[in-house]
Amino acid sequence: MRESYYITTPFVTPEETARILGVPSRRAKQLIKMVEESLAKKGVRGAVNGKSTSPSKNGTGTRAMHANGAKLKVRAKTRGANPRNASRRKLARGKAKTSH
Amino acid sequence: MGKQKPRTEVFLNLPYDSKFENLYLSYICAIYAFGMVPRVTLEIPGGARRLDRIFGLIQGCGISVHDLSRVELDGKKPRTPRFNMPFELGLAVGWEKIGGGRHVWFVMEAKDYRLEKSLSDLKGTDPYIHGGTIEGVFREIGNAFVRQGMQPTVPQMRSIYRHVENGVPAILRRCGAASVFQARAFKEISIAASAAAGAIVG
């Protein structure tokens with residue numbers, strides 16, 4: 001297998017892409033807006049111009065997880081983790097029993 | 001004002017047919033996920049001496065990616081093999097040899113061991129096998145390239161692809177294009193992919 005090619009040049013922005021490919025800046029802005037709206041629908045906010053507001057660059061952040069279509073796991077509290085909720089838990093158990 | 005730093009441009013040598021549309025989009029998205037700019041022969045205007053322009057495009061790119069997965073006879077009569085992709089690979093290899101190694105090329109294939117038969121001159125070169133799938137293209141582009149600081153993941157590339165794919169019908173409508181294999185459509189798809197990549201990876 002060939003060795004991987006190491007990229008050190010800066011990440012291209014959509015404006016630079018438009019300049020390189022000769023797309024008028026007005027049309028480029030429309031396209032960027034279209035993508036921004038699509039991203040916003042999926043919960044990916046933040047700047048498009050090469051600056052993400054995502055807390056993580058490797059897809060581990062919440063926003064990136066949304067972008068990747070990953071479901072967020074809500075970790076259930078383990079029993080006894082918070083003693084202040086002990087009475088509430090007991091109540092819930094009791095209710096569950098009466099419903100049967 | 002300081003001089004702008006150069007961006008990495010990648011010559012994409014791909015078949016332009018409807019069956020390849022998804023993989024074509026996936027290559028564009030994957031290249032933008034790595035912060036590079038794909039260049040294709042679709043950009044070359046008619047009327048110009050095509051061969052010179054193609055070679056000029058290859059020379060202007062530090063990297064080229066050649067997909068030889070559709071080497072079979074095409075459907076249109078008279079049925080012929082598709083020579084353009086191997087020919088452009090030959091140009092890139094030639095440029096690497098005479099250009100003092102300033103050019104790096106990668107070969108992609110759908111099937112293992114087929115290249116050894118179809119292009120035995122490249123024996124000793126390991127192609128990247130994408131299996132004819134979008135995921136495969138993302139995986140193999142991820143194997144071919146490493147970005148300093150941040151390595152885009154396959155799910156991130158898939159996410160870029162989804163956003164671009166959603167915008168394709170609107171882009172084609174506006175361009176009056178019937179397919180994605182037209183110069184203007186390519187350029188507009190590129191801006192969309194670049195914007196999505198900037199937000200998701202960059």
Side-chain angles (χ1 to χ4, degrees), chain A residues 1-61 63-71, chain B residues 4-9 31-32 34-39 43 62-63 104-107 125-128 142-156 158-160 162-164 166-167 170-171 174 183-184 186-202:
Chain A
M1 189 64 78
R2 293 180 81 135
E3 278 183 24
S4 299
Y5 185 87
Y6 203 72
I7 305 156
T8 54
T9 50
F11 204 95
V12 72
T13 64
E15 286 79 9
E16 282 168 331
T17 303
R19 188 179 48 76
I20 292 167
L21 299 178
V23 177
S25 61
R26 192 163 153 243
R27 178 58 185 152
K29 278 177 190 163
Q30 288 173 344
L31 290 161
I32 293 165
K33 197 180 167 204
M34 180 189 82
V35 173
E36 273 179 330
E37 283 168 3
S38 172
L39 291 165
K41 274 184 200 167
K42 297 280 178 188
V44 186
R45 287 168 290 129
V48 151
N49 301 329
K51 293 174 208 158
S52 171
T53 53
S54 173
S56 163
K57 302 290 183 195
N58 273 327
T60 51
R63 200 167 293 137
M65 283 174 75
H66 276 302
N68 301 339
K71 286 178 184 170
Chain B
Q4 275 200 323
K5 286 183 182 174
R7 267 33 179 184
T8 304
E9 294 184 27
I31 295 299
Y32 277 112
F34 279 87
M36 304 184 286
V37 185
R39 307 299 304 266
E43 295 175 61
I63 305 166
V104 181
W105 49 271
F106 297 91
V107 180
T125 302
D126 291 324
Y128 292 83
N143 285 331
F145 299 108
V146 177
R147 170 158 270 285
Q148 189 181 39
M150 51 191 157
Q151 182 75 355
T153 63
V154 170
Q156 283 175 326
R158 199 187 305 131
S159 179
I160 295 165
R162 269 203 304 269
H163 290 293
V164 172
N166 287 344
I171 289 172
R174 194 182 179 280
R184 194 168 165 193
F186 163 74
K187 289 176 182 180
E188 298 210 350
I189 287 167
S190 285
I191 307 288
S194 177
I200 292 166
V201 184

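Chain A is the first sequence line, chain B the second, and so forth, proteins listed ahead of strands; every chain is numbered from 1.
Under the side-chain contact (heavy atoms from CB on, under 4.5 Å) criterion, A:S25 pairs with no residue at all, not counting sequence neighbours.
For B:A192, the parts sitting under 4.5 Å from any heavy atom of chain A are the backbone and the side chain alike. Contacts between B:R184 and chain A at a heavy-atom distance below 4.5 Å are absent for every atom of the residue. Neither the backbone nor the side chain of B:I160 comes within contact range of chain A; no heavy atoms are under 4.5 Å apart. Contact of B:E43 with chain A is made through the side chain alone, with heavy-atom distances under 4.5 Å.
A distance of 15.0 Å separates OH in A:Y5 from CH2 in B:W105, rounded to the nearest 0.5 Å. Atom CZ of residue B:F145 and atom OH of residue A:Y6 lie 14.5 Å apart, to the nearest 0.5 angstrom.
Here the side chains of A:V35 and B:I191 are not in contact, with every heavy-atom distance at 4.5 Å or above.
Contact count against chain B (heavy-atom pairs under 4.5 Å) is highest for A:R27 among A:K41, A:M34, A:R27.
Using a distance-only test at 3.5 Å, with no hydrogens or angles considered, a donor-acceptor pair links the side chain of B:K187 to the main chain of A:L21.
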* Taking it one step at a time, do B:V37 and A:E16 satisfy side-chain contact (heavy atoms from CB on, under 4.5 Å)? -> CA-CA 9 Å; B:V37 185; A:E16 282 168 331; over 6 Å; no
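Among all heavy-atom pairs drawn from A:P14 and B:A195, the shortest one is CG-CA, 3.7 Å. The shortest non-hydrogen separation linking B:V146 to A:S4 is CG2-CB, 3.4 Å.
When only modelled atom types and interatomic distance are considered, A:T9 and B:T8 share a side-chain donor-acceptor pair under 3.5 Å.
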